[in-house]
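Proteins get letters first, then strands, A, B, ... in listed order; numbering begins at 1 in each.
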Amino acid sequence: MKTRADRIASRLAETFAPTLLQVADESARHAGHAGAGEGGETHFAVTMVAAAFAGQGRVDRSRAVHAALAAEFATGLHALSLTLRTPAEHPTTIA
Amino acid sequence: MSNPTFDRITSDITSNPVMLYMKGNAMFPQCGFSARVVQILTHIGVPFQTANVLEDPALRDGIKAFSNWPTIPQLYVKGEFVGGCDIVTEMYQSGELTALLAEKGLPVEAAA
């Protein structure tokens, strides 16, 4: 069975054609608090570099990712930490 | 179409120059992401108002729809949506958040 991380990665890859994509399942770090579901797979962090973000501000970039992952939010995705860059920004802004 | 929750949010963000929708309150945040935004605003020294979405399911769902943003916390400055924890953190680290607040005429303790 595909994990939520797999689904997030494939959905983002097809939507944004990123040059760099990292999806981390951080659910274990939030286990036990409200919103952390019993089966885990609730808290994720995504780092993505894509030319598609050029000309977009932070809020618009995040909204585009949220929209692409609407099905995951509807089925228990609870927290999504996003680091979204264009290729031009990437060398200097990712620590 | 009238929506009481949207009306309440509009009123909140209009009457409070810095309005934070969060889990818990500034004294006792109930989520690490909410806690981080409280910490940043406190460090900047700008006065802010909070609303606890955990106490009000209609607000919890309503703020997500109102902002077109699926997660909590959410920060509004002078009625404008700024972002959630990631964006607030990035803007704080780059100095943009303090600059934005100062530009809006809000008291900040010291230029970053």
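For the atom pair CG (Leu82(A)) and CD (Glu90(B)), the distance works out to 9.5 Å, reported to the nearest 0.5 Å.
By the 30° and 60° cut-offs, the orientation of the rings of Phe33(B) relative to His43(A) is parallel.
Closest approach of Thr71(B) and Ala79(A) over heavy atoms only: CG2-CA, 4.4 Å. Nearest heavy atom pair, residue Leu80(A) against residue Asp86(B), reads O-OD2, 3.8 Å.
In this structure, no portion of Leu77(A) lies under 4.5 Å from any heavy atom of chain B. At a 4.5 Å heavy-atom cutoff, Gln93(B) makes no contact with chain A through either its backbone or its side chain.
Residue-level contacts of residues 4-13 of chain A with chain B do not occur; threshold 4.5 Å between heavy atoms. The interface of residues 50-63 of chain A with chain B, defined by heavy-atom distances below 4.5 Å, comprises Arg58(A), Val59(A), Ser62(A), Arg63(A).
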